[in-house]
Amino acid sequence: MESKLTLYNTLTRRKEAFEPLVPGRAGMYVCGPTVYGDPHLGHARPAVTFDLLFRYLKAAGYKVRYVRNITDVGHLEHDADEGEDKIAKKARLEQLEPMEVAHYYTERYHRAMEALNVETPSIEPHASGHIIEQIAFVQRILDEGFAYVSNGSVYFDVEKYNAKHNYGRLSGRNLDDIVANTRELDGQSDKRHSYDFALWKKASPEHIMRWPSPWSDGFPGWHMECSAMSTRYLGERFDIHGGGMDLMFPHHECEIAQST
């Protein structure tokens with residue numbers, strides 16, 4: 001009983017008829033919360049929106065795999081790759097293990113979603129549970145020549161990518177605008193350009209959440225987790241990628257670049 005569904009495509013800026021890659025099946029990935037504080041309306045908006053779409057697709061006869069992640073590592077205070085990990089900072093302030101913080105606020109998020117009658121997704125992967133996939137993903141980007149290692153961290157080479165592809169095609173920004181509007185932060189000397197973003201960060205000595213990698217003991221960049229987990233469960237091409245409008249830049253823009 002598949003029906004005609006029209007969705008607004010942020011990439012093309014127009015409404016388009018939904019045509020699944022595989023007839024009768026729909027794969028959807030939605031960016032979930034960073035679990036270091038109580039859920040708020042900004043979390044509720046995409047959860048309710050994509051819950052509605054999830055229900056509609058199932059009612060229309062599709063076999064749906066809906067993946068919504070939990071970010072429990074790697075999201076730094078500043079989206080420009082600097083500052084403390086938000087969860088580690090909360091753990092330090094409350095004198096808790098970081099995973100205590102992540103678990104507590106994940107449960108709070110789940111209870112809030114239940115109160116809104118939001119269904120659970122098909123799969124809810126945690127960033128900390130997919131470090132191996134993220135390391136492999138970073139290595140592939142390095143092998144392709146679109147990233148570089150600097151002092152134990154790995155950064156995406158935006159300028160090199162932009163010469164061949166279009167960095168900014170989702171958000172509508174061009175590189176000149178991004179350069180003009182990117183403030184220089186302390187501790188960014190490892191990067192070739194201020195707009196390059198971290199794929200892997202070397203952990204400072206006091207950083208609690210760290211994993212071994214070919215480059216350093218560290219942790220994945222915030223954007224990397226979604227590319228790794230979405231392709232892990234939905235393949236390199238899938239039907240729908242959702243999230244809050246606030247994630248269009250830099251998060252979704254960086255996802256497109258590293259996935260390309």
Side-chain angles (χ1 to χ4, degrees), residues 27-37 42-43 46-47 50 65-91 98-99 101-103 105-106 109 121-142 146-147 153-156 170 196-203 207-238 240-244 246-260:
M28 178 166 71
Y29 184 89
V30 174
C31 290
T34 301
V35 283
Y36 68 100
H43 296 121
F50 292 101
R65 178 176 289 174
Y66 172 22
V67 183
R68 187 187 67 207
N69 75 297
I70 296 288
T71 298
D72 58 356
V73 67
H75 194 163
L76 303 181
E77 287 179 283
H78 306 293
D79 290 342
D81 301 326
E82 292 307 319
E84 278 189 271
D85 181 293
K86 289 183 176 182
I87 292 162
K89 182 181 180 181
K90 187 81 169 181
M99 281 303 165
V101 172
H103 179 73
Y105 287 112
T106 299
Y109 173 75
S122 315
I123 302 173
E124 191 178 59
H126 287 57
S128 62
H130 295 75
I131 301 296
I132 292 170
E133 290 93 336
Q134 294 176 76
I135 289 172
F137 209 111
V138 172
Q139 188 60 59
R140 283 179 64 189
I141 297 170
L142 278 166
F146 286 97
S153 293
V154 184
Y155 294 100
F156 190 87
L170 177 71
D196 291 347
F197 57 90
L199 301 176
W200 183 266
K201 288 285 287 183
K202 180 182 179 181
H207 200 94
I208 306 166
M209 301 170 84
R210 59 171 70 217
W211 289 265
S213 81
W215 318 289
S216 65
D217 278 6
F219 53 94
W222 168 38
H223 315 300
M224 176 49 58
E225 57 170 289
C226 286
S227 288
M229 291 190 289
S230 61
T231 55
R232 167 70 176 80
Y233 294 109
L234 296 171
E236 293 201 348
R237 294 185 69 216
F238 53 91
I240 298 165
H241 189 309
D246 57 315
L247 297 179
M248 189 190 298
F249 189 88
H251 185 51
H252 291 160
E253 194 75 71
C254 293
E255 266 194 81
I256 288 173
Q258 66 196 12
S259 295
T260 300

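Positions are given from 1 along the sequence. No hydrogens, no waters, no symmetry mates; every other heavy atom, side chains included, goes into these values.
- Taking Tyr66 as the reference, nothing meets the side chain to side chain donor-acceptor pair (under 3.5 Å) condition, with sequence neighbours excluded.
- Side-chain contact between Ile87 and Val73 is absent, with no heavy-atom pair separated by less than 4.5 Å.
- The shortest side-chain heavy-atom distance between Val35 and Thr71 does not fall under the 4.5 Å cut-off.
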Could you go through the side-chain hydrogen bond (donor to acceptor under 3.5 Å, both in side chains) check for His126 and Glu225 one step at a time? CA-CA 9 Å; His126 287 57; Glu225 57 170 289; over 6 Å; no

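- Partners of His130 under the side chain to side chain donor-acceptor pair (under 3.5 Å) rule, at least two apart in sequence or in another chain, are Tyr233.
- Across all their heavy atoms, Ala257 and Phe197 have their closest contact at CB-CZ, 4.4 Å.
- Looking at residues two or more places apart in sequence or on another chain, you find no salt bridge (Lys or Arg N to Asp or Glu O under 4.0 Å) involving Lys202.
- Within a 6.0 Å radius of CD1 in Ile132, other residues, nucleotides and ligands contribute 12 heavy atoms or fewer.
- Atom NE2 of His103 has 12 or fewer heavy atoms from other residues, nucleotides or ligands within 6.0 Å.
- Under the rule for a side chain to side chain donor-acceptor pair (under 3.5 Å), Ser153 has no partner lying at least two apart in sequence or in another chain.
- What you find for Ala228 and Phe137 is that their closest heavy atoms are CA-CD1, 3.9 Å.
- For the atom pair SG (Cys254) and CG (Asp196), the distance works out to 10.0 Å, reported to the nearest 0.5 Å.
- Closest approach of Ala147 to Ile141, counting heavy atoms only: CB-CG2, 3.7 Å.
- Considering every non-hydrogen atom in both Asp85 and Gly74, the closest pair reads OD2-N, 2.7 Å.
- Gln258 is listed as a side-chain neighbour of Phe156, based on a closest heavy-atom distance under 4.5 Å.
- In this structure Gln134 satisfies the side chain to side chain donor-acceptor pair (under 3.5 Å) test with no other residue, sequence neighbours excluded.
- Other residues, nucleotides and ligands contribute at most 12 non-hydrogen atoms within 6.0 Å of the OH atom of Tyr36.
- Remark: Phe219 CZ to Lys201 NZ distance equals 6.5 Å, nearest 0.5 Å.
- The salt bridge (Lys or Arg N to Asp or Glu O under 4.0 Å) analysis of residues 123-136, with sequence neighbours excluded, yields the pairs Arg68-Glu124, Glu133-Arg232.
- Phe50 approaches Gly243 most closely through the heavy-atom pair CE1-N, 3.6 Å.
- Atom-to-atom distance recorded for Asp217:CG and Trp200:CH2 is 8.0 Å, nearest 0.5 angstrom.
- No side-chain heavy atom of Val67 sits less than 4.5 Å from a side-chain heavy atom of Met28.
- Atoms OG and NE2, from Ser259 and His252 in turn, are 11.0 Å apart once rounded to the nearest 0.5 Å.
- By the 4.5 Å heavy-atom criterion applied to side chains, Cys31 and Asn69 are counted as neighbours.
- A side-chain N or O of His241 and one of Glu255 form a donor-acceptor pair less than 3.5 Å apart.
- Judged by distance alone, the side chain of Ser227 and the main-chain N or O of Met224 form no donor-acceptor pair under 3.5 Å.
- Once rounded to the nearest 0.5 Å, the distance linking CD1 of Ile135 with CH2 of Trp211 reads 9.5 Å.
- Here the OH atom belonging to Tyr105 is positioned 12.0 Å from the NE2 atom belonging to His43, to the nearest 0.5 angstrom.
- Between Met229 and Pro125, some side-chain heavy-atom pair lies under the 4.5 Å cut-off.
- Within the 4.5 Å cutoff, the side chain of Trp215 has heavy atoms near those of the Gln139 side chain.
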